[in-house]
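Each chain gets a letter, A, B and so on, in the order its sequence line appears, and its residues count up from 1. Because the structure is a prediction, the values reported are computed rather than measured.
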Number of protein chains: 2
Amino acid sequence: MKNRCENCIVRQFNSLRAMSKEELKRVSDSKTTKSIKKGQSIFEEGEKLNGVFCVREGVSKLSKLSANGKDQIVKLASKGEVMGQRSVIAEESSNLSAVAVSDMEVCFIPKEGIVDTLHKNPDFTVEVLRHMAHDLREADDVIVNMSQKSVKQRVAEAFLYLGENFGEDKEGYLSVTLSREDIANVVGTATESCIRIISEFKKKGLIKTSGKKIGIANEKKLRDLVEGF
Amino acid sequence: MKNRCENCIVRQFNSLRAMSKEELKRVSDSKTTKSIKKGQSIFEEGEKLNGVFCVREGVSKLSKLSANGKDQIVKLASKGEVMGQRSVIAEESSNLSAVAVSDMEVCFIPKEGIVDTLHKNPDFTVEVLRHMAHDLREADDVIVNMSQKSVKQRVAEAFLYLGENFGEDKEGYLSVTLSREDIANVVGTATESCIRIISEFKKKGLIKTSGKKIGIANEKKLRDLVEGF
DNA sequence: GATAAAATATGATTTTAGTCAGTTTTCCAA
DNA sequence: TTGGAAAACTGACTAAAATCATATTTTATC
């Protein structure tokens with residue numbers, strides 16, 4: 001058992017860093033690490049979660065099924081992010097499904113350790129609260145984008161977002177590779193519309209593609225487009 | 001000074017109920033009550049808030065200005081709701097503006113009392129956390145609705161939402177009266193489109209109107225419409 | 001390496017919603 | 001009470017995006 005939370009760098013990025021040594025030890029002793037293949041499900045919408053998932057490696061999409069049968073991707077979670085927090089805290093079943101977008105390593109942490117610490121260590125609780133406050137702000141921004149921006153603007157914004165938050169490889173392609181359908185589900189549009197816009201962006205030199213990989217070719221122009229030209 | 005938080009029934013609906021007697025006393029001593037006229041602003045997007053606002057009476061719209069110059073209403077806050085929490089907790093300036101939709105009574109509570117309690121009373125912090133978790137879930141739902149439902153469905157849903165959350169008067173009209181423009185800004189559409197849909201709903205007997213008041217005439221049909229008929 | 005299945009792409013068409021222009025109604029404030 | 005502004009409404013037109021159909025490419029699998 002060499003993978004101790006105490007040594008896990010990922011912890012730096014989430015609320016676990018506010019835990020005391022003892023609390024962290026308890027979490028580390030109770031956690032289990034899982035390898036998850038691309039495309040595999042981590043948890044489902046409506047499922048009762050008895051713990052949270054801490055992402056060590058890879059990226060997961062968090063989505064919600066809409067009445068018309070389409071998935072809307074609400075958030076992408078990568079290294080350091082904790083999934084399922086909201087449901088555990090609210091003591092509700094999950095409102096989102098989590099599916100791996102790339103091969104992943106995640107740690108499952110049973111909720112007891114988390115919930116106990118929430119009630120005993122205010123620093124930890126405040127830290128979790130801050131994170132949630134941040135998520136809420138982001139959600140507000142998404143609402144505004146969804147309702148006020150055109151599909152073209154949202155696609156452009158999605159690429160910029162992916163670049164900023166998940167980085168690029170040496171050749172300048174986005175590190176997270178999503179299928180066209182997933183991109184459409186992030187943006188909230190039809191897959192065909194999304195593909196068309198990608199072609200258009202490519203033709204105009206805003207992005208470059210290589211297989212399903214996408215790279216930002218002209219950041220300035222993309223930004224101008226997002227701002228409403 | 002007869003309006004003590006200790007006696008305020010509004011408190012039952014928000015996180016303040018988890019405060020101890022002493023903490024509540026402190027809050028009560030530091031708070032100030034304000035009357036706000038319909039249309040008046042409570043705080044602006046980008047403003048640094050040095051406290052939170054607890055709604056005693058009336059309704060406020062929380063909105064965000066989009067790049068194209070339109071307001072998107074992200075949330076409506078009524079009796080018992082606390083506004084500005086997110087910003088105070090995250091120590092950021094507000095991401096939303098608050099404007100009174102009806103005449104209001106709000107209490108301003110300086111942040112010190114809140115922040116201190118957050119660090120000292122885990123029960124309170126967890127309570128706040130629960131509320132925020134709930135808000136976040138609602139925000140996720142809004143994102144999905146915005147991106148996957150038609151304008152017609154969103155308008156129908158807005159009326160049902162208003163009915164459920166703010167009630168109706170004796171004649172069966174929604175208690176919150178919003179202008180057509182505000183409804184459009186909740187739904188994320190053009191005012192004209194919104195008006196057209198309202199006319200259509202009225203013609204089809206889904207709703208009834210009286211001046212700017214709107215009442216639900218056929219809940220079942222409205223629900224069917226929201227579900228995609 | 002062949003073949004089926006899935007993902008990507010493109011075209012034609014329809015639906016939906018936004019925009020612009022103008023009219024009517026409502027609501028205040030002088 | 002009345003004139004002027006704001007809000008509500010209507011119509012015509014345009015633009016954006018969804019849908020349907022089909023072709024092509026990529027990927028996985030035996």
Side-chain angles (χ1 to χ4, degrees), chain A residues 37-40 61 66-72 99 101-103 145-158 177-204 207-214 225-226 228-229, chain B residues 37-40 61 66-72 99 101-103 145-158 173 177-203 207-214 225-226 228-229:
Chain A
K37 287 258 155 52
K38 176 176 173 174
Q40 214 181 318
K61 57 177 173 182
S66 72
N68 62 27
K70 263 194 187 165
D71 261 331
Q72 174 64 36
V99 173
V101 156
S102 62
D103 289 351
N145 284 339
M146 283 297 177
S147 47
Q148 305 284 358
K149 290 195 173 142
S150 68
V151 173
K152 222 173 271 187
Q153 289 176 307
R154 272 140 56 199
V155 172
E157 190 153 55
T177 305
L178 297 173
S179 69
R180 304 294 142 112
E181 190 182 0
D182 278 343
I183 298 172
N185 290 346
V186 166
V187 165
T189 190
T191 309
E192 298 94 318
S193 301
C194 183
I195 289 173
R196 252 182 266 278
I197 289 169
I198 290 173
S199 306
E200 187 193 325
F201 282 3
K202 196 179 166 183
K203 209 174 295 171
K204 289 189 179 160
I207 60 171
K208 57 185 176 177
T209 65
S210 164
K212 44 177 49 186
K213 278 186 169 304
I214 287 173
L225 201 159
V226 171
F229 75 82
Chain B
K37 288 257 155 51
K38 176 177 171 172
Q40 215 181 315
K61 58 178 173 181
S66 72
N68 63 26
K70 264 194 188 167
D71 260 331
Q72 174 65 37
V99 173
V101 155
S102 62
D103 289 350
N145 284 339
M146 284 297 178
S147 49
Q148 304 284 358
K149 289 194 174 143
S150 68
V151 173
K152 221 173 273 187
Q153 290 177 306
R154 270 140 57 197
V155 172
E157 189 153 57
Y173 292 100
T177 306
L178 297 174
S179 68
R180 303 295 142 109
E181 191 183 358
D182 278 343
I183 298 172
N185 289 346
V186 167
V187 166
T189 189
T191 308
E192 298 94 319
S193 300
C194 183
I195 290 173
R196 253 183 265 276
I197 288 169
I198 290 173
S199 307
E200 187 193 327
F201 282 3
K202 196 179 164 182
K203 208 174 293 171
I207 60 170
K208 57 186 177 178
T209 66
S210 164
K212 45 176 51 183
K213 278 185 168 306
I214 287 174
L225 201 158
V226 170
F229 69 82

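Put simply, NZ on A:Lys149 is 18 Å from C1' on D:dA17, counting in whole angstrom units. Rounded to whole Å, the distance from CZ on A:Arg180 to C1' on D:dT26 is 12 Å. The NZ-P distance, from A:Lys203 to C:dT10, rounds to 7 Å in whole Å. At whole-Å resolution of the value, CG in A:Asn68 and P in D:dA17 are 17 Å apart. When the P atom of C:dT8 is taken as reference, atom CD1 of A:Ile183 falls 8 Å away, rounded to whole Å. Following rounding to the nearest Å, B:Ile197 (CD1) and C:dT16 (C1') show an atom-to-atom distance of 9 Å. As rounded to whole Å, 13 Å separates atom P of C:dG18 from atom CD of A:Gln153. B:Ile195 has its CD1 atom 20 Å from the P atom of C:dT16, to the nearest Å.
No option in A:Glu200, A:Glu157, A:Arg196 other than A:Glu200 meets the side-chain contact (heavy atoms from CB on, under 4.5 Å) test with A:Lys152.
Across D:dA8, D:dA18, C:dT10, the shortest atom-to-atom separation from the side chain of A:Ser193 is found for D:dA18. Between C:dG18, D:dA17, C:dT8, one nucleotide has an atom nearer to the side chain of B:Ala190 than all others, and that is C:dG18. Comparing D:dA17, C:dA17, C:dT8 against the side chain of A:Lys212 picks out C:dT8 as the nearest.
Distance alone, capped at 3.5 Å, is enough to place a donor-acceptor pair between the B:Arg154 side chain and the B:Val187 backbone. A distance-only check finds no donor-acceptor pair linking the side chain of A:Asn185 to the backbone of A:Gln72 [under 3.5 Å].
Two residues, A:Arg196 and A:Gly211, neighbour DNA chain D, and the one matched to the more 5' nucleotide by heavy-atom proximity is A:Arg196. Residue B:Ser199 is the one, among A:Glu192 and B:Ser199, whose nearest nucleotide of DNA chain D lies closer to the 5' end (criterion: closest heavy atom). DNA chain C is contacted by both B:Arg154 and B:Lys38; B:Arg154 maps to the nucleotide lying nearer its 5′ end (nearest heavy atom per residue).
Using a 4.0 Å heavy-atom distance criterion, B:Thr191 is classed as making no nucleic acid contact. Across all strands, B:Ser179 comes closer than 4.0 Å only to sugar-phosphate atoms, never to a base (heavy-atom distances).
Contact check for A:Phe201 versus A:Leu225: side-chain heavy atoms found under the 4.5 Å cut-off.
A:Val226 and A:Lys149 make their closest contact through O-CE, 3.7 Å (heavy atoms, listed as atom of the first residue, atom of the second, distance).
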